[in-house]
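Reviewing the structure listed below.
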Amino acid sequence: MNILLYIKAVGFFLLAVIGIPGNVYILFKFAIIKITEKKLLPTNSILMVLAFMNLLIVFSRIILQFLNAIGIENFMDDSKCKFFVYTYRVSRAMSICTTSLLSCYQCIIIAPQTRLWAYLKQTAMPNVLLITTAILLANLILYPGSILYAIVKKNSTTSPYTLHLVYCDMDYLTYEAYIINGVMFACRDFLFVGLMTAASIYIVYVLLCHEKSIKGKRSTDRVPGKSVEYKASRAVIMLVLLYVLLFGFDNSMWIYTLTLSNVTPDMNDARIVLACSYSALSPIVIIATNPKLQQLLNFLKRRKFFYCDSKAEERDNEINCIGI
């Protein structure tokens, strides 16, 4: 196997190994909470949607990249190609929209009780499911046009305005269609990235103001530990930072490809790694910062503690036996 293909195979395999169990665990755990407790916090509902979309991204793009890297070829036709391209694009769009919705929701929660914020709390917070459904319908309607350009890879010549994916080609045929499609989705991405960034900056500002306001209080008046809102806000900020970092590089490369007449497969592979890394790595941030999801981590920590404790006792017994 070519060394580059080997590196690609290992990279996409690691993304799949991390992303699938992490997202499945989030879905499974929140589903159990919903069944047993008969309710689920709106933020956790948003995280469930995010985990599901991340899982679709892993199956519709990362798995295909891995199969291609290990040499599996020619198992698609045009209909399957269109299906996977459509699934990936809708899932990716929902991933960015859901992350943006999560940051805006947390921003509304911790905002002060002014007239504007009070109105948003009364209207937006109870309708999170409705808002998520509307976003999903908008993305489902937006993308069917773009899959018309998706065709299975063939030996025939394509136009210079083609994105070469692993098993499919996105042949836009004309320069105008290529630019319009790229600019439209790049603007959408930057819009939602800007929205989540602005919300996160405001969250940090509110938390800093709150921190300053309690500094002058007596130590006996302070609430011990960090509040639930503080911990939830920190988790949202970490997710947004991860998203902005990875998808920022991805969209920068995407804009660069718009200046090229023929994009190489290696360039697309690099973009896909950046775009899919959030779907694989975000479950780690979510599990590490969500108390409802940390039972497994606590269980593993206890097992490690008991294992180390038993090993220490065995060593002590061996030393005592030698001394005797």
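Keep in mind it's a predicted model, so treat the numbers as computed, not measured.
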Report task. Indicate if L101 and V236 have the same hydrophobic cluster label, given that clusters are the connected sets of ILVMFWY residues with side-chain heavy-atom separations under 4.5 angstrom. Result -> yes
Query raised in the report: What residues, two or more places apart in sequence or in another chain, satisfy disulfide bond (SG atoms under 2.5 Å apart) together with C168?
Result: C81
Query raised in the report: So, for I284 and I18, which heavy atoms are closest and what is the spacing to 0.1 Å?
Result: CD1-CG2, 3.9 Å
Query raised in the report: Is there a path from F84 to Y149 through hydrophobic residues (I, L, V, M, F, W, Y) whose side chains come within less than 4.5 Å of each other?
Result: yes
Requested in this report: Take F12 and I272, measure what side chain to side chain contact (heavy atoms under 4.5 Å, CB included) needs, and give me the verdict at the end.
Outcome: CA-CA 10 Å; F12 286 114; I272 290 169; 4.0 Å; yes
Query - Between CZ on residue F30 and CD1 on residue I35, distance to nearest 0.5 Å - result: 14.0 Å
**Report entry** F52, CZ: over 12 other non-hydrogen atoms inside 6.0 angstrom
**Finding:** no
Query raised in the report: For M196 and V244, which heavy atoms make the closest approach, and how far apart are they?
Result: SD-CG2, 4.5 Å
**Report entry** Residue F190 excluded, over 12 heavy atoms near CZ under 6.0 Å
**Finding:** yes
Report task. Given side chain to side chain contact (heavy atoms under 4.5 Å, CB included), test N290 with T43 step by step and report yes or no. Result -> CA-CA 10 Å; N290 193 297; T43 51; over 6 Å; no
Requested in this report: Locate the shortest heavy-atom distance separating L246 from L274; write the atom from each residue and the value.
Outcome: CB-O, 3.7 Å
**Report entry** Pairs flagged by ring-ring contact (aromatic ring centres under 6.0 Å, His included) wherever residues 270-291 is involved - sequence neighbours left out
**Finding:** Y243-Y278, F247-Y278
Query raised in the report: CG of L41 to NZ of K34: how many Å apart, nearest 0.5 Å?
Result: 10.5 Å
Query raised in the report: Where the side chain of K8 meets the backbone of N68, is there a donor-acceptor pair that is under 3.5 Å apart?
Result: no
Report task. For residues F66 and F13, establish whether the separation of their ring centroids is below 6.0 Å. Result -> yes
Requested in this report: Hey, can you tell me if Y202 and W117 have their rings parallel, tilted or perpendicular (30° and 60° cut-offs)?
Outcome: parallel
Report task. May I ask you to decide if V152's main-chain N or O and D78's side chain share a donor-acceptor pair within less than 3.5 Å? Result -> yes
Query raised in the report: Do Y119 side-chain atoms and T114 backbone N/O form a donor-acceptor pair below 3.5 Å?
Result: no
Report task. For a side chain to side chain contact (heavy atoms under 4.5 Å, CB included) with M53, tell me which candidate from V58, N23, V90, L136 qualifies. Result -> L136
Query raised in the report: Between I203 and S233, what is the shortest heavy-atom contact and its length?
Result: CG2-CB, 3.5 Å
Query raised in the report: Can Y105 and L120 be said to form a side chain to side chain contact (heavy atoms under 4.5 Å, CB included), step by step?
Result: CA-CA 9 Å; Y105 179 84; L120 290 175; over 6 Å; no
Query - Nearest heavy atoms of A9 and I70, plus distance in Å - result: CB-CG2, 4.0 Å
Query - Euclidean distance, S95 OG relative to N139 CG, rounded to 0.5 Å - result: 11.0 Å
Report task. Measure the CG-OG1 distance between L195 and T99 for me, rounded to the nearest 0.5 Å. Result -> 11.5 Å
Report summary line: Rounding to 0.5 Å, atoms CZ (R61) and CZ (R89) come to a distance of 8.0 Å
Query - Minimum side-chain heavy-atom gap I62-I20 below 4.5 Å - result: no
**Report entry** Gap separating the CD atom of Q65 from the CG atom of L15, nearest 0.5 angstrom
**Finding:** 10.0 Å
Requested in this report: Would you confirm whether T197, through its side chain, and V193, through its main-chain N or O, come within 3.5 Å as a donor-acceptor pair?
Outcome: yes
Report summary line: Those residues at least two apart in sequence (or on a different chain) that pass side chain to side chain donor-acceptor pair (under 3.5 Å) with S282 are N54
Report summary line: Tightest non-hydrogen contact, residues S200 and S103, listed as OG-CB, 4.3 Å
Report task. I would like to know whether L50 and I26 meet side chain to side chain contact (heavy atoms under 4.5 Å, CB included); could you show each step before the answer? Result -> CA-CA 10 Å; L50 179 60; I26 293 172; over 6 Å; no
